[in-house]
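Step one of this worksheet: look at the structure below.
A quick note: this is a predicted structure, and the numbers were derived from the prediction, not measured.
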Amino acid sequence: MPRIAEVRAPAEPSSPEQRARHLRILRAAARMGAEKGLERVQMHEVAKEAGVAIATLYRYFPSKTHLFTAVMAEQIDRFEESLPQPEPGTAPEDAVADVLVLASRQLLRRPALAAAMLQSANAANAAANPVADTGRIDRTFRQIVLRTLGIREPTVMDVTLIRLLMQCWHGVLQSSLNGLSSVPDTESDIRIACRLLLAPRSNAAAGPAPVLTARVRRSARR
């Protein structure tokens with residue numbers, strides 16, 4: 001697992017030109033990650049591919065972990081924008097399973113890039129210094145699942161179940177990338193996990209569920 005050195009906080013693009021450079025870097029890293037995998041990608045090659053100075057690349061992404069965690073965050077954002085509406089009559093937990101199966105198929109089309117993103121996100125989560133894009137990944141994932149479930153006011157249990165589902169999904173994907181699970185088994189595992197983990201969600205409960213406390217709301221927004 002790659003380590004994150006003690007580095008300053010990454011810069012955030014503010015102008016249209018900076019945002020365009022930032023996006024070019026992410027797209028270049030995604031192309032190279034899909035071809036080479038995380039270990040063989042070199043930062044100077046990403047800078048050259050994106051048409052930016054190496055100093056610019058490091059200003060936005062101090063390490064490959066930062067870079068590929070940001071690639072994952074950007075890809076999840078794009079996935080969210082392109083999501084179709086659930087088929088009428090689909091049970092909420094099955095609608096979430098459909099979303100995760102679709103996301104898995106897209107990720108597994110480029111296994112080297114998927115492995116690079118998952119490895120980087122795991123390293124970022126374990127780092128002493130927080131990587132902002134890990135929070136962005138968690139928030140977007142949570143928004144997708146809550147919207148698909150039709151939950152507007154998540155409870156403590158909802159937040160917990162979605163966190164567990166995300167961890168389970170990452171594990172199932174990693175198993176598939178390691179060749180330990182076939183594609184049909186991967187998709188079956190995802191569907192079973194959604195049914196088991198989302199069964200106690202708040203809008204399926206017989207009685208009222210506890211509303212999020214202020215502390216949990218703050219945690220959910222991070």
Check your understanding: Can you list every salt bridge (charged side-chain N to carboxylate O under 4.0 Å, His left out) pair that touches residues 97-123, not counting sequence neighbours?
Key -> Asp98-Arg191, Arg105-Glu187
Exercise for review: Check for a donor-acceptor pair, side chain of Arg40 on one end and backbone N or O of Gly37 on the other, with a separation under 3.5 Å.
Suggested key: no
Point to revise | Modelled atom types, side-chain donor and acceptor of Asp133 and Thr69, under 3.5 Å | key: no
**Study point:** Shared hydrophobic cluster for Leu164 and Leu149 (ILVMFWY, side-chain gaps under 4.5 Å)
**Key:** yes
Point to revise | Exercise: identify the closest heavy-atom pair between Glu93 and Cys194 | key: O-CB, 3.6 Å
Exercise for review: To the nearest 0.5 Å, tell me how far Gln42 CD sits from Lys64 NZ.
Suggested key: 5.5 Å
Practice item. Examine Leu180 and Trp169 and state if one hydrophobic cluster contains both, with Ile, Leu, Val, Met, Phe, Trp and Tyr joined whenever side-chain heavy atoms are less than 4.5 Å apart. Key: no
**Study point:** Atom pair NE2 (His170) and CG (Asn122), whose distance is rounded to the nearest 0.5 Å
**Key:** 7.5 Å
Check your understanding: Is any side-chain heavy atom of Val41 closer than 4.5 Å to a side-chain heavy atom of Phe68?
Key -> yes
Check your understanding: About how many Å separate CD of Glu35 and CD of Glu45, when rounded to the nearest 0.5 Å?
Key -> 10.0 Å
Point to revise | Minimum-distance pair of heavy atoms, taken over all atoms of Ala121 and Thr134 | key: O-CG2, 4.3 Å
Check your understanding: Would Val52 end up clustered with Ile54 when hydrophobic side chains under 4.5 Å apart are linked, directly or stepwise?
Key -> yes
Review point. Rounded to the nearest 0.5 Å, what separation is found between the CD atom of Glu49 and the CZ atom of Arg31?
Key: 4.5 Å
**Study point:** Close side-chain approach of Ser120 to Met72, heavy-atom, < 4.5 Å
**Key:** no
Point to revise | Under 3.5 Å: donor-acceptor pair, side chain of Arg19, backbone of Ser14 | key: yes
Practice item. State, yes or no, whether a side-chain contact exists between Asp77 and Arg136 at a heavy-atom distance under 4.5 Å. Key: yes
Practice item. Before giving the answer on side-chain contact (heavy atoms from CB on, under 4.5 Å), spell out for Ile137 and Met166 the whole-Å C-alpha distance, their side-chain angles and the decisive distance to 0.1 Å. Key: CA-CA 10 Å; Ile137 290 168; Met166 187 174 188; 3.4 Å; yes
Practice item. Specify the closest pair of heavy atoms between Leu108 and Ser176, including all atoms of both residues, with the distance to one decimal. Key: CD1-OG, 3.7 Å
Exercise for review: For a side chain to side chain contact (heavy atoms under 4.5 Å, CB included) with Leu146, tell me which candidate from Val96, Ile151, Val159 qualifies.
Suggested key: Ile151
**Study point:** Enclosure of Gln143 CD (heavy-atom neighbours >12, cutoff 6.0 Å)
**Key:** yes
Check your understanding: Just checking, is any N or O donor in the side chain of Asp158 or Thr155 under 3.5 Å from an acceptor N or O on the other one?
Key -> yes
Practice item. Report the distance from atom CD1 of Ile76 to atom CD of Glu74, rounding to the nearest 0.5 Å. Key: 10.5 Å
Exercise for review: Spell out, as yes or no, whether a donor-acceptor pair under 3.5 Å connects the side chain of Thr160 to the backbone of Val156.
Suggested key: yes
Check your understanding: Do you know the tightest heavy-atom contact between Leu57 and Met43?
Key -> CD2-O, 3.0 Å
Study note, to complete from the structure: Between Gly33 and Ala112 the two heavy atoms that sit nearest each other are O-CB, 3.5 Å
Review point. Under a 4.5 Å side-chain heavy-atom rule over Ile, Leu, Val, Met, Phe, Trp and Tyr, are Leu118 and Val183 clustered together?
Key: no
Practice item. Report yes if the side chains of Val172 and Ser181 come closer than 4.5 Å at any heavy-atom pair, otherwise no. Key: no
Review point. Just by modelled atom types, is the Gly171 backbone N or O under 3.5 Å from a matching donor or acceptor in the Ser175 side chain?
Key: no
Check your understanding: Given Phe141 and Ile162, is the side-chain contact (heavy atoms from CB on, under 4.5 Å) satisfied, shown in steps?
Key -> CA-CA 8 Å; Phe141 185 93; Ile162 292 171; 4.0 Å; yes
Review point. Under 3.5 Å, side chain of Ser82 to main-chain N/O of Phe79, donor-acceptor pair present?
Key: yes
Exercise for review: Decide yes or no on side-chain contact (heavy atoms from CB on, under 4.5 Å) for Leu83 and Leu102, but give the supporting numbers first.
Suggested key: CA-CA 9 Å; Leu83 268 179; Leu102 177 60; 4.2 Å; yes
Practice item. Measure the shortest side-chain to side-chain distance between Gln75 and Gln106 over non-hydrogen atoms and say whether it is less than 4.5 angstrom. Key: no
Study note, to complete from the structure: Closest non-hydrogen atoms of Ala97 and Ile190, given as atom of the first, atom of the second and distance, are O-CG2, 4.2 Å
Check your understanding: Knowing that exactly one of Thr56, Ile25, Val71, Val46 qualifies, which makes a side chain to side chain contact (heavy atoms under 4.5 Å, CB included) with Phe61?
Key -> Ile25
Practice item. Could you tell me the separation between the CG atom of Leu113 and the CG atom of Leu38, rounded to the nearest 0.5 Å? Key: 10.0 Å
**Study point:** side-chain contact (heavy atoms from CB on, under 4.5 Å) between Leu100 and Leu165, worked out
**Key:** CA-CA 10 Å; Leu100 295 188; Leu165 180 61; 4.1 Å; yes
